[in-house]
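Before any comments, here is the structure.
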Amino acid sequence: MSQPLLFQSSDQATERITLFADVILPLPLPKLYTYRVPFDMNDDIFVGTRVIVQFGAKKILSCIVADVHETPPAGYQAKYILEIIDEKPVVTPQQLKIFNWIAEYYMCTIGEVINAALPSALKLSSESRIQLHPQFNAEYPVYPLSPAEEKIVFALGQNKTLTFTEVGNLLQINHFHKIIKSLIQKEVIIIFEEIADKYTPKVVKKLRLSPNFVHEAEMLEELMNQLAVRPKQLDVVLHYLQKVPVHQNVHLNEKGVDKNILTSNPHLSLSSINALIKKGILEQFETIVSRFPVDDTKPIPAFNLSEHQIAARDEILNLFGSKDIVLLHGITGSGKTEVYIDLIKKAMEGGGQVLYLLPEIALTAQIVTRLIKVFGNRLGVYHSKFSDNERVEVWNGILSGRFSVVIGVRSAIFLPFYNLSLIIVDEEHESSYKQYEPAPRYNAREVALMLATYHKCKTLLGSATPAVETYYNAKTGRWGLVTMNKRFGQAGLPDIELVDTRRESQKKTMHSHFSQKLLAMIESKLKKEEQVILFQNRRGYAPYINCHDCDWIPKCKNCAVSLSYHKYNRELRCHYCGYHETMPHECPACGSAMIKTVGFGTEKIEDELKLLLPEANIQRMDLDTTRSKNSYQQIIADFEANNTNVLVGTQMVTKGLDFENVSLVGIINADSIINYPDYRAHERAYQMFVQVSGRAGRKGKKGLVIIQTGNPSQGIFQKVMENDYMALYEHEIQERRKFNFPPFMRVIKVTVKHVDEKLNEQAAALLAKEFTDRLPNNQVLGPEVPYIFKIRNYFLSEIHIKLDREHTSLKSAKLVIADAINQIKFNKDFRNIRVVVDVDPV
DNA sequence: AGCACGCCGACT
DNA sequence: GTCGGCGTGCTC
């Protein structure tokens, strides 16, 4: 790693060079801002450190130093940097390069990238607070105060300072701004900005013997004699000495013992412990500890790779000799994870860092536990459900070299690696690697590849069902390709059976959403005490409800969608903006009580199955049941412990989980997965079917998959049942070529939003025309009104630009697009349009 | 992104 | 006649 630039050595400090720093503010601003470095900070300012500046009239913010130079800005007076937060950079030079690349490639600002990249505890921002005016005398106010003002003055007397939100809570009203204004005028209070450090280290209370008793052996002995009359206290000291053998090594006493080890011991009395502290025999102190417990005792256990795994690993290593990127195409259950682990070990032996990316829903406790067993405390985990303090510790742990492997979700690509030697992108085809809202709309897989080129390291992409673009690159020889098509262990691939729900409906053998066949199989598996997973790719109870008499359908008032019915709280809810209302008892349009639900989600499946199989223990796992960290763990633990017989869920049940006792997987409604208006619909459906099927029958037992569909003759099922990825790929790549989709063209989606439908339409049409005129060698499609044409009261139009790389440079095309968008805002009718650019949308 | 300045409707 | 709505423009 290159060292942070020292711009001036301390012995030259007397020369008083005037320095300026260009900083990146964590805001969507198009450029950097230049601040002046106070002379006394000249020796401490480095690229990548955080500094505190005032931005605007009052806001105080932390930002990242991107450059330090001696060029005074022209045309304005630079403000001074107020403070330098970090002694050493928290952002590495490689990161700044990558961040700039992301901003350019995904057409957003560097500030937006920084904002997404830094854990929020590293982003400090001031908050306005009020306190009493130093000259204010509560006994003799100069001006009379209103009751509300009195209340604030009283609270300030107690609390010294208040934030605006605290004032709001205190007065129980929203319009408190004028009250504050009035208090300032009356010179009762003053406003100031306070910036608080958000990262709080974890502190534990510890106990040790007072130094008096350990310096000399006699003292300790004497203490024991003294305590002979206090057997309970003696007991505590003896326990302490057992944990900390001070008599063997005096220096052990310094580190003491965790207080709760003594206090939580049921054989020791709390009051005796406190008495010893009071008497000064024990001394209490605090230390800062890691949130990731250090455990050096675990050796890296050896495990044996199978013949096929060794072959795959060697092939990958061999290909890395000539290629920087290798695709590992391994069927579900072929044991890709062990290959990854082996490669990670090898990379670590060379002293490099490793990044192992997984999609959010695949980063489960199961995989983490497995990796901890191998890598112990050298493994950092970066997950969105982690607290901010934990994220900061991972961030710092990488900077300090404590962690050399990180397993993480897409945002882990932002971490401050300085010496990557391997990146693994598992489930490479997953669309959740792409962030859609807010900017940066990046794809972590693509950023990972760029990260690898900056670090000159290798990338391994892994999937059972690679994205068509990825496979194309591998097949054409640009990237390496390694295939694993044997399942690890004895188990073969599961049997897959189709059930024609349309025919069963005609025969009247459907039990609501369950075919005769599926229901019978569930019952038979449960009888054998085996477990079942049911997959339904839609949460809630029903996607909409409908009045039987007048056809009324409740719609969201902010979005062009019908409201989904959630039964557990009798609520109608919009999945786009969160708007919700209670489920009406009768139709508000005609008064009829005949309201029926249409379609179904996981909640309804769970509900109906409980009626059909009252004996079975059924659990549901979807976004609604896993909102909190523990609920997710609980559902998994219950299923693992066999307390649950049937698990009903969305995509969440399909990834990262291995359950040994699952012998049946049911896909309730395959058609809802296939019939999607998108060029990737088939690819995605195939990936999902294969992924779900992979949950059936691991470890020796052959599993069964039942797919329910109203149209079993569709070609995709044949490919799924025969596990024929190649057929899927060949079909898809031809379609892509024929209709000019990636990888043959680059797609940029431009969405125009406006509260006024007409203006939105006009602006989009104008923009599309501008694109067409200025990008003559490329295809501009639209504007089109999307299926959901209004979200959060904004009307939408979409323009798709397909860039032909043969004729246009991506870079210049993006400049043209950005310029056209800026141009259109000069027209004052269109000043209020919002334009969202999505590069490589998924 | 905030925040301040600035011009048009419903209240004392 | 004022308060206060949020449109618009700026922040080194």
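Every chain is numbered from 1, with letters handed out A, B, ... down the list of sequences. Here the structure is a predicted model, which is why all the values come from computation and not from measurement.
- There is no side-chain donor-acceptor pair under 3.5 Å between A/Glu571 and A/Thr582.
- Here chain A contacts DNA chain B (any atom closer than 4.0 Å to a heavy atom, that is under 4.0 Å), and the contacts span B/dA1 to B/dA4 from 5' to 3'.
- Looking at A/Tyr105 and A/Asp840, their side chains do bring a donor and an acceptor atom within 3.5 Å of each other.
- Ring-centre distance between A/Phe414 and A/Tyr442: below the 6.0 Å cut-off.
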For nucleotides 2-12 of chain C, give me one character per nucleotide, 5' to 3': B if any protein heavy atom sits under 4.0 Å from the base, S if the only such contacts are to the sugar-phosphate, - if neither.
--SS--SS-BB
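- In terms of the ring-ring contact (aromatic ring centres under 6.0 Å, His included) criterion, residue partners of A/Phe164 (sequence neighbours excluded) are, by chain and number, A/His177.
- Using a cutoff of 4.0 Å between basic side-chain nitrogens and carboxylate oxygens, A/Glu393 and A/Lys202 are not scored as salt-bridged.
- Between the side chains of A/Lys123 and A/Asn115, at least one donor N or O sits under 3.5 Å from an acceptor N or O.
- A salt bridge is absent between A/Lys814 and A/Glu104; no separation between the charged side-chain nitrogens and carboxylate oxygens falls under 4.0 Å.
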